[in-house]
Every structure is written in structure tokens, then in C-alpha cells.
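The figures that follow rest on heavy atoms only: side chains count, while hydrogens, waters and symmetry mates do not.
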Amino acid sequence: MGLEFLYELQHQENNHKKLLSRISEISDDGQINRLKKEYAKLKEEYIKLCEKKNEIEKQIAQKKSHYKSLELSKTNYEKLIYTPEINSVKKLETLEKQIDDVEKNLELETLNLENLEKNLKEAELDILSIKKKIVFIKKKYETMRTNKEEELDFLMSEKNNIEGLIEDIKLNINQDIYKEYIKMKEKLINPISEIDNRKCSGCGVEVPAMDYESVKTGNALKCQNCGRILIYKKNK
């Protein structure tokens with residue numbers, strides 16, 4: 001009946017099915033797409049942080065310029081104290097008040113600058129953290145893509161080899177027997193069942209002694225429980 005060829009055909013068809021399943025899994029770009037989205041999100045965050053950093057630096061530059069202007073104003077006011085223009089108590093009081101206001105503004109600007117410098121440092125740390133994440137995601141993406149391509153190439157090669165082997169095996173199987181095998185596959189998973197420890201490997205039920213001895217000599221019998229064709233592998 002050519003059970004050895006049928007059993008080998010079944011074995012290779014199972015291997016082929018597993019390969020197709022694995023190829024389908026690898027071809028699924030779900031993980032790759034998730035990494036792409038994560039990368040895009042990080043890039044967006046990076047751009048926003050850089051814009052924030054630039055804005056803070058711009059504010060710092062403006063504050064420093066204003067601070068220098070205040071310092072210059074204070075210096076000029078202080079010089080006025082000793083000029084003939086300040087010739088009354090009222091003028092002196094007015095000038096001292098102006099100097100006092102400038103000093104208060106200088107103190108306020110100092111606090112503003114300190115806060116801005118703190119914000120700038122935080123933004124720089126956030127940028128550094130995002131850059132590290134971007135590098136990590138990019139490396140992970142490239143590694144995953146390379147690995148998937150390499151595995152897919154290998155699996156496609158194996159698939160082609162198995163498909164060729166299956167066609168070669170079919171040449172050694174009688175067409176009527178092959179048609180019966182196909183019909184059995186519609187009802188049973190793995191219709192050719194190897195006897196393992198005197199049991200049908202398909203259903204696990206023990207094979208009667210007479211059937212077991214008959215199958216060992218090469219006769220074609222079916223499992224009395226599940227109906228699978230039994231085969232005995234001598235060189236297991």
C-alpha cells in the first residue's frame with residue numbers, strides 16, 4: 001500500500017503547514033509597525049522639547065539683556081546723585097526711589113533667570129533621555145527587521161525544499177491510495193498513525209496483539225478505535 005511513503009508525505013505536509021504558519025507570523029508587520037509608531041511619537045516629543053529649549057534660551061537671552069539694561073540704569077542713577085542736577089531733597093528722594101525700584105527689578109530678574117536656567121537644564125535632560133530612547137528603538141527596529149528578513153529567507157527556502165520533496169514522494173504513491181488518504185484527511189488529523197509502545201499515536205488506545213503483530217509484518221490495518229491507518233516504524 002506504500003504506507004512508508006504515505007507516512008512520510010503526512011510528515012512533510014505537517015512540516016509544510018508549520019512553515020506556512022511561521023512565515024505568516026513573520027510576515028505580520030504588527031511589531032514593526034508598533035516600533036515605527038513609537039519611534040514617530042518619540043521624534044515628535046523630541047522636536048517639541050527642542051522647540052521648548054530654544055524658547056527658553058531665547059527668554060534667557062532677553063532676560064540677560066534686560067538685566068544689563070537695569071544694571072546700566074542703576075549705574076547712571078547712582079552717578080546722578082553727585083551731579084548738580086540733584087539740587088533738592090525731593091529730587092534726591094525721587095532718584096533714590098528710582099534706584100530702589102531698579103534694584104527690586106534686578107532681584108526679580110535674577111529669580112526669573114534662575115528659574116529659566118533650571119527649566120533649561122530640565123529640558124536638556126529630557127532631550128537626552130528622549131535621544132537615548134530613540135536610539136534604542138531605532139536599533140531594536142533595525143535588528144528586528146534584519147532578523148525577520150533573514151529568517152523569512154531561510155523559511156522560504158525550506159518551504160520550497162519541502163514542496164519539492166512532497167511532489168517527489170507523491171510520485172511513489174498510487175493515485176487511488178492517495179485519493180483515499182485525502183478523503184481520510186477530511187475526517188481525521190494525521191490519518192496515518194504510528195504505533196508507539198503498542199498504542200495508536202493518533203488516539204492513544206492500545207492496539208490489539210494480533211493487529212500489532214500483523215502491522216509489524218507490513219499489513220495495512222486500521223485502528224479499531226479511531227480508524228487511522230496504522231504503521232510500524234522499525235528503525236525508530
Side-chain angles (χ1 to χ4, degrees), residues 1-39 136-236:
M1 187 178 181
L3 286 181
E4 291 288 338
F5 288 114
L6 272 178
Y7 186 75
E8 182 61 24
L9 174 64
Q10 177 179 274
H11 176 66
Q12 295 303 331
E13 285 178 339
N14 286 338
N15 288 339
H16 186 257
K17 185 178 179 180
K18 290 177 182 177
L19 276 174
L20 290 179
S21 177
R22 181 58 184 156
I23 288 171
S24 178
E25 288 177 8
I26 294 176
S27 299
D28 180 12
D29 290 330
Q31 287 182 310
I32 293 290
N33 289 334
R34 281 193 291 273
L35 287 175
K36 283 183 177 179
K37 288 181 180 178
E38 191 172 352
Y39 179 81
F136 174 78
I137 292 297
K138 186 177 181 180
K139 185 177 180 180
K140 186 176 180 180
Y141 166 79
E142 291 174 348
T143 299
M144 183 179 292
R145 185 184 63 181
T146 300
N147 290 344
K148 284 183 68 171
E149 289 175 353
E150 290 177 354
E151 186 176 0
L152 189 58
D153 287 344
F154 172 76
L155 291 176
M156 291 301 293
S157 176
E158 287 293 297
K159 171 179 170 291
N160 292 334
N161 291 338
I162 289 177
E163 288 174 347
L165 182 58
I166 287 173
E167 293 304 314
D168 290 341
I169 294 172
K170 286 180 180 178
L171 294 176
N172 294 285
I173 301 174
N174 180 278
Q175 282 298 308
D176 291 335
I177 295 173
Y178 179 71
K179 288 178 181 178
E180 183 180 351
Y181 166 74
I182 295 299
K183 287 182 179 179
M184 291 182 69
K185 281 185 68 176
E186 293 175 358
K187 299 178 180 179
L188 296 167
I189 298 174
N190 295 330
I192 312 300
S193 177
E194 181 181 355
I195 294 177
D196 185 17
N197 292 326
R198 291 181 174 267
K199 294 180 180 180
C200 170
S201 60
C203 65
V205 172
E206 187 171 345
V207 177
M210 289 184 64
D211 288 358
Y212 176 70
E213 294 300 329
S214 180
V215 172
K216 279 182 69 175
T217 61
N219 293 320
L221 294 177
K222 291 184 178 180
C223 173
Q224 294 183 19
N225 180 63
C226 67
R228 289 180 172 85
I229 299 173
L230 297 171
I231 184 172
Y232 178 80
K233 299 287 288 182
K234 296 179 181 179
N235 300 320
K236 186 177 178 181

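Listed by chain and residue number, Lys148 satisfy the salt bridge (Lys or Arg N to Asp or Glu O under 4.0 Å) test with Asp29 (two or more places apart in sequence, or in another chain). Every residue two or more places apart in sequence or in another chain was checked for a side-chain hydrogen bond (donor to acceptor under 3.5 Å, both in side chains) with Gln31, and none qualifies. Every residue two or more places apart in sequence or in another chain that forms a side-chain contact (heavy atoms from CB on, under 4.5 Å) with Asn219 is listed here: Ser214, Thr217. The salt bridge (Lys or Arg N to Asp or Glu O under 4.0 Å) check on Glu13 picks up Lys185, with sequence neighbours excluded. Looking at residues two or more places apart in sequence or on another chain, you find a side-chain hydrogen bond (donor to acceptor under 3.5 Å, both in side chains) between Glu8 and Gln12.
Separation of atoms NZ (Lys199) and CG (Leu230) is listed at 14.5 Å; rounding is to 0.5 Å. Taken to the nearest 0.5 Å, the CG atom of Leu171 stands 12.5 Å off from the CD1 atom of Ile166. Taken to the nearest 0.5 Å, the OG1 atom of Thr143 stands 10.0 Å off from the CG atom of Leu35. The distance from the CG atom of Asn15 to the CG atom of Leu20 is 11.0 Å, given to the nearest 0.5 Å.
Under the 4.0 Å criterion applied to side-chain N and carboxylate O atoms, Glu180 and Lys183 are not assigned as salt-bridge partners.
Legend: salt bridge (charged side-chain N to carboxylate O under 4.0 Å, His left out) pairs involving residues 160-171, not counting sequence neighbours, sorted by first then second residue: Lys159-Glu163, Glu167-Lys170.
Side chain of Ser201 to backbone of Asp196: no donor-acceptor contact under 3.5 angstrom is found. The closest donor-acceptor contact from the side chain of Arg145 to the backbone of Ile32 lies at 3.5 Å or more, if one exists at all.
Of all non-hydrogen atoms in Gly202 and Ser193, the two that sit nearest each other are N-OG, 2.9 Å.
Counting heavy atoms of neighbouring residues, nucleotides and ligands inside a 6.0 Å radius, atom CD1 of Ile182 exceeds 12 of them.
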